[in-house]
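Below: the structure, in structure tokens.
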Amino acid sequence: MLNFRHNLIKLIPKLLKAVIAQTAPVHSALSTCYSTSLKYSFSISNTLQKVQNPNCSKYGITPAHRIHQSQLRGACSLVNSGKPLREKLMHDFELPSPLSGGKVTIVGLGHVGMACAISILSQNIASELVLVDRNPDKLRGETLDLQHGLAFVRNAQVYGDTQYSATAGSKLCIVTAGVPQGPGDSRTSLAPKNLEIFKEIIPRLVKYSPETILLIVTNPVDTLAYAAWKLSGFPANRVIGSGTNLDSSRFRFLLSQRLKVVPSICHGWIIGEHGDSSIPIWSDASLAGVRLRDVDSRVGTKKDVENWSQLHQEVVGSAQEIIKLKGYTSWGIGLSVAALTRAILENSQSSYAVSTLVQGIHDISEDVFLSVPCILGDTGVSRIILQTLNSAELADLHNCAKSLYEIQKSLHF
Ligand SMILES: NC(=O)C1=CN([C@@H]2O[C@H](COP(=O)(O)OP(=O)(O)OC[C@H]3O[C@@H](n4cnc5c(N)ncnc54)[C@H](O)[C@@H]3O)[C@@H](O)[C@H]2O)C=CC1
Ligand SMILES: CC(=O)C(=O)O
């Protein structure tokens, strides 16, 4: 590299002569050789692999020194003192692809949207985060606030816009926009209002990112995941509700508290509807692979003297408890969504309880979205795990499907 740079510097007089005498494209190529030789130790060898400009030979430059003009466009500015500082500081050599595959949009910058954003950013999951909200002041404020922390995370771009064109080419669109529950409100009571909001949002996301995956968080999440599926016209694998991933995580936390271990080694699925009628699968609950029911078959049943089933009641009551205490829930769902986002962007093929179209699964006849363990990757839901459910669990799941179907029938999509 050093020898080569030395040789290039020796060529400078010839190059300058050529620059003055010749046409614009050649000028650009040659003056780039000049500035490159003087200013940079950056990848000259890389440049030479791509050299193509045959005109260089006219000026006594050997084929090895030919430099493709397009690779070096902009470097002329380095010899032009009238150019902006940015161009004096840097030569745009090979700009990153605008569509890196890691572009994520979040619509709705309330408590939940921002918790999703900070969880995704701080874990370096997305390379590009686009924030959308209908409130322009909130949008600008939240965007600036996040941008001011970007020096402390791995390279990621964050920008906000009220226009959906900014979301174009998103790999994943997370929707948290909508009316939240107040104390005492049920999730299902939000359905009519949030459906109207979805009628506005979903077609716009689809217009600009027709290949995206939709991850729905707004409540009632199962009904709205169904709505997003209908409104988008997407195949079902590309519409996911955050579902009972949060409920399962709450369950694992509570198990860990009782067992006095960390949540990551406690396993247990909560399936069905996110919220009040969710279903705990006690038969699968385990500590580091040891099933609780293999140790005590009464766990989670009415005969259980230790009352482990209380944990599920606590899961069901969690949201209202937090809403009463702080007004809203945010961190748990933010981290849950970040985990789902990572699985999709990294094509991890890991399993999560998320809301998906379950028609035909476990003999469910209704076209409803409910949570079951799903494998997630870059196609969205790649597989649904067919759990071994006992008759009571199956009956609960069928009841869930029926009640969701009734709610859907009362809505106008
Ligand atoms: N699935 C889950 O596990 C959870 C779901 N949620 C749900 O998430 C939703 C959001 O909750 P929060 O963030 O607490 O509410 P919030 O009121 O703090 O934020 C909602 C945001 O949506 C925006 N918005 C409303 N309509 C919009 C539209 N048409 N276009 C763009 N932006 C719009 C608002 O301007 C606001 O910034 C609620 O439905 C809530 O029930 C909340 C926690 C957990
Ligand atoms: C609000 C809500 O759905 C939750 O935190 O579970």
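FYI, the numbering just counts along the sequence from 1. First listed ligand is number 1; within each ligand, the first listed atom is number 1.
In this structure, Tyr328 and His111 have parallel ring planes: the angle between them is below the 30° cut-off, well short of the 60° mark.
Between atom CG of residue Asp133 and atom OG1 of residue Thr162 there is a gap of 9.5 Å, rounded to the nearest 0.5 Å. A distance of 7.5 Å separates CG of Leu335 from OG of Ser122, quoted to the nearest 0.5 Å. With values rounded to the nearest 0.5 angstrom, Leu131 atom CG is found 4.5 Å from Thr143 atom OG1.
Of the listed options Gly178, Ser355, Gly108, Gly178 places a heavy atom closest to atom 20 (C) of ligand 1. Of the options Val221, Asn219, Leu139, the smallest heavy-atom separation from atom 41 (O) of ligand 1 is shown by Asn219.
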Item to check | side-chain hydrogen bond (donor to acceptor under 3.5 Å, both in side chains) evaluation trace for Tyr405 with Asp367 | outcome: CA-CA 7 Å; Tyr405 186 67; Asp367 63 338; 5.1 Å; no

Next on the checklist: Checking Asn237 against Thr379 for the side-chain hydrogen bond (donor to acceptor under 3.5 Å, both in side chains) test, could you report, in this order, the C-alpha distance in whole Å, the side-chain angles of both residues, the deciding distance, and whether it holds?
Outcome noted: CA-CA 7 Å; Asn237 59 294; Thr379 56; 4.7 Å; no

Next on the checklist: Go through it in stages, so that I can follow the logic: the residues are Ser382 and Gln349, the test is side-chain hydrogen bond (donor to acceptor under 3.5 Å, both in side chains), and I'd like the CA-CA distance, side-chain angles, deciding distance and then a yes or no.
Outcome noted: CA-CA 8 Å; Ser382 60; Gln349 302 295 326; 2.7 Å; yes

Item to check | Evaluation steps, side-chain hydrogen bond (donor to acceptor under 3.5 Å, both in side chains), between Tyr159 and Glu128 | outcome: CA-CA 8 Å; Tyr159 47 97; Glu128 209 177 336; 2.4 Å; yes

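Counting heavy atoms under 4.0 Å from ligand 1, residue Ser242 touches it through the side chain alone. If you look at Ile333 next to ligand 1, the close heavy atoms, those under 4.0 Å, all belong to the side chain. Counting heavy atoms closer than 4.0 Å to ligand 1, residue Leu109 contributes backbone atoms (N, CA, C, O) but none from C-beta onward. Within the 4.0 Å heavy-atom criterion, the part of Val179 lying near ligand 1 is the backbone and not the side chain.
Listed by number with element, the atoms of ligand 1 under 4.0 angstrom from any heavy atom of Lys138 are 37 (O). Atoms of ligand 1 found under 4.0 Å from any heavy atom of Asn194 (numbered from 1 in listed order, with element): 39 (O). Using a 4.0 Å cut-off to heavy atoms of Glu200, the atoms of ligand 1 that qualify are 29 (N).
Electrostatic pairing of Asp284 and Arg293 does not count as a salt bridge here, judged by no charged N lying under 4.0 Å from a carboxylate O.
In the displayed structure, Lys326 atom NZ is contacted under 6.0 Å by more than 12 heavy atoms of other residues, nucleotides or ligands. Environment of CZ in Arg140: sparse, with no more than 12 heavy atoms of neighbouring residues, nucleotides or ligands closer than 6.0 Å. Residue His412 qualifies as open at atom NE2: its count of foreign heavy atoms under 6.0 Å is 12 or below. By the 6.0 Å contact criterion, NZ on Lys207 is open, its count of non-hydrogen atoms from other residues, nucleotides or ligands being 12 or less.
Near ligand 2, residues Gln181, Arg187, Asn219, Leu246, Arg250, His274, Ala319, Thr329 each place a heavy atom inside the 4.0 Å sphere around the ligand atoms.
Contacts classified as side-chain hydrogen bond (donor to acceptor under 3.5 Å, both in side chains) and involving residues 246-272 (residues at least two apart or in different chains) are given here: Asp247-His274.
In this structure, the protein non-hydrogen atom closest to atom 1 (N) of ligand 1 is Val217 O, 2.8 Å. At the top of the distance list for atom 10 (C) of ligand 1, counting protein heavy atoms only, stands Thr176 O, 3.1 Å. For atom 12 (P) of ligand 1, the closest non-hydrogen atom on the protein side is Val112 CG2, 3.8 Å. Shortest contact from atom 16 (P) of ligand 1 to any protein heavy atom: Gly110 CA, 3.8 Å. The protein non-hydrogen atom at the shortest distance from atom 23 (C) of ligand 1 is Asp133 OD2, 3.2 Å. Atom 31 (C) of ligand 1 has its closest protein heavy atom at Arg134 N, 3.3 Å.
Not one N or O of Thr218 is nearer than 3.5 Å to an N or O of ligand 1, by distance alone. Annotation: His111 places an N or O atom under 3.5 Å from an N or O atom of ligand 1; distance criterion only. The distance criterion of under 3.5 Å between nitrogen or oxygen atoms is met by His274 with respect to ligand 1.
Residue contact check for ligand 1: Leu246 places a non-hydrogen atom closer than 4.0 Å to it.
The shortest non-hydrogen separation linking Val179 to Asn194 is N-OD1, 2.6 Å.
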